[in-house]
S.K.: 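Before anything else, here's the structure in question.
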Amino acid sequence: MSKVSPKNIAEAIYEATEGKSGASLAPAIKNSVQILHSKRMLGKSEEVLKELQNIFDKKTGTIRAKITTGRDLGTEERKRIESEIKENYKGKSVVSEFFKKEELLGGVRIEVGDEVRDSSYKNQLEKLKNFLMQEK
Amino acid sequence: MSNHIVENLRKEIEAFKIEVKTEKVGKVLEVFDGIAKVSGLSDIKSSEMVTFPAGEVGVALNLEEDAVGIIILGDFSKIKEGDEVKATGRILEIPVSDGILGRVVNAVGTPIDGKGTIKAGKTYPIEKVAPGVVTRQSVDQPVATGIKAIDAIIPVGRGQRELIIGDRQTGKTALAIDAILNQKGQNMICVYVSIGQKDSKLRKLQARLEAGNSMDYTVIVSAGASEAAAMSYIAPYAGVSIAEYFMDQGKDVLIIYDDLSKHAVAYREISLLLRRPPGREAYPGDVFYLHSRLLERACRRNAKYGGGSITAFPIIETQAGDISAYIPTNVISITDGQIFLETDLFYKGIRPAVNVGSSVSRVGSSAQIKAMKKVAGTLKLDLAQFRELEAFSQFGSDLDESTKRQLERGKRSVEVLKQLQYAPVKTEHQVVTFYALTKGFMDDVPVEKIKEFEAGLIEYSERNAKTFYKEVMETKMWTDKGEEQLKKAIGDFKASFQK
């Protein structure tokens, strides 16, 4: 049998706990932890939780975005970016984290899953540098 | 002046268009021994190029459920865990242009000979499917290697794949270099792929080719012993891509892979690091495909599809003459023949140490010119009979006349096939030598004087049998008139030689 991956365990836990709450949820969670223990995967619980989060996001249509900008954004701008992401990825809701990194100089860098949309000045300058260094 | 520079720069910057695209990225999970495990990169293709933040290029080889195994081309020490990896959407490719002739490049096409950058032309993918059946034509034109033993007995045709196999220090590379040296003026481009060789050996080889003015039509692709295994793995594919660039212009190309045993070892290293299951001799299961897809790209294309050909000389190094090891048997079965080099012959002074008995060329005989076929047709059989008789004659002293004659002829044949390194012999000279040998003109020349006789004969006949030479060079066969002239020249020369 092939090795059990954190993703497999997360899927199993999700199925076992789906739609349960209160008294019926407690034993399912207890069993899940016991399985992690018996499979010697307690050390990987972080990864399992991350996978669980992914599964949950997929089911509920939540999009997690990381938005980095050169300066602080106002609430109005933040809302506009979020609604754009929502439209682009056709999700139900967007959970975003905002970061400020002055070295971007300007523009926005949006990360969703393994996709990046980088319109920061830093990235564009980098591209210009490569373009000028190309041999013609 | 400075205004001019600013103006140019301004124009270039204006030509630059900013476009923001969504890119696929991944994060480095672990890096070790030239391999990176990367998460993300969900839509990546097999053998797609990726870039690391420090500028290194990698190639995706293992596509797993939630990670991608990447081989790093270059220095992996600058890559850290958590680094962002970008997919480029392009399959691994190398820049090719006519400017690459005479240069030494590494496995990704970057020049390493310190002669500046190569003006980029096109890019060619490193992995390409070999030409199909309808585009091919059978081998019917010779590759003149300038080595008598090969051109006479194991002829190679344009588009053929002929393996050079032997132990270490038996002259495998020397044979290949002689073949390159002899391509001067033969309308052939040469690509020499050095895989896992010492840099000192490569330098020596380059100097030798430069001394023979052979670098003008040669490209050297090198993946040195100190470079990563990934470079050794892609070097032959890069080499054949360069060869294909020239073939697509309708040219004939000769490519030498020196050597494929080291290539297989490099691929084994990568495969084991990527945790692919090992098979026989710990090589991965697809090691046959590794070489078959490479050598299948050697071909002769018909005129309808642009013509041109790629002739491949793969080299395999055996351990203590063991040709039944895994890689040698694989490559023997893929190629259209093999040239065996033996340590015993080498130390007996028979150099090139070609074992004529076990060397074969499966398709080359149809490419041999008529004149050569005529003079060398029976040579292989004669030599085989000679070896048998030689073993037999050691028991008895009384031998009949015909056996004695055969033995004497055999000794002279072996002597004629000996040749110095870096001294390729022109085809027409070979024809004259073999003519003199097989027609019995050398039978009364002492064995130790054969070399001297041969050199003298070539010089003399070139002056006194011009018709014969002209006929052989132009029509690939002589007429009675030319033959008469040559016979007379040989007779005259012999008379003066024996005085």
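Order of the sequence lines sets the chain letters (A, B, ...), proteins ahead of strands, with each chain counted from 1.
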S.K.: Which residue out of B/Ala87, B/Gly26, B/Gly40, B/Ser39 racks up the most heavy-atom pairs below 4.5 Å with chain A?
M.R.: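 Result: the option with the highest number of such pairs is B/Gly40.
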S.K.: Does A/Lys122, at its NZ atom, have more than 12 non-hydrogen atoms belonging to other residues, nucleotides or ligands within less than 6.0 Å?
M.R.: no
S.K.: How about A/Glu87: does its CD atom have over 12 heavy atoms from other parts shown lying under 6.0 Å from it?
M.R.: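 No, CD of A/Glu87 has 12 or fewer neighbouring heavy atoms, counting only those of other groups under 6.0 Å.
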S.K.: Measure distances from B/Lys24 to the heavy atoms of chain A and classify the residue's part below 4.5 Å as side chain, backbone, both or neither.
M.R.: both
S.K.: At a heavy-atom separation under 4.5 Å, does B/Glu19 approach chain A through its side chain, its backbone, both, or neither?
M.R.: backbone
S.K.: Is a donor on one side and an acceptor on the other found under 3.5 Å between the side chain of A/Asp114 and the backbone of B/Ser42?
M.R.: yes
S.K.: For the residue pair B/Phe16 and A/Phe131, categorise the inter-ring angle as parallel (less than 30°), tilted (30 to 60°) or perpendicular (more than 60°).
M.R.: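 Correct class here is tilted.
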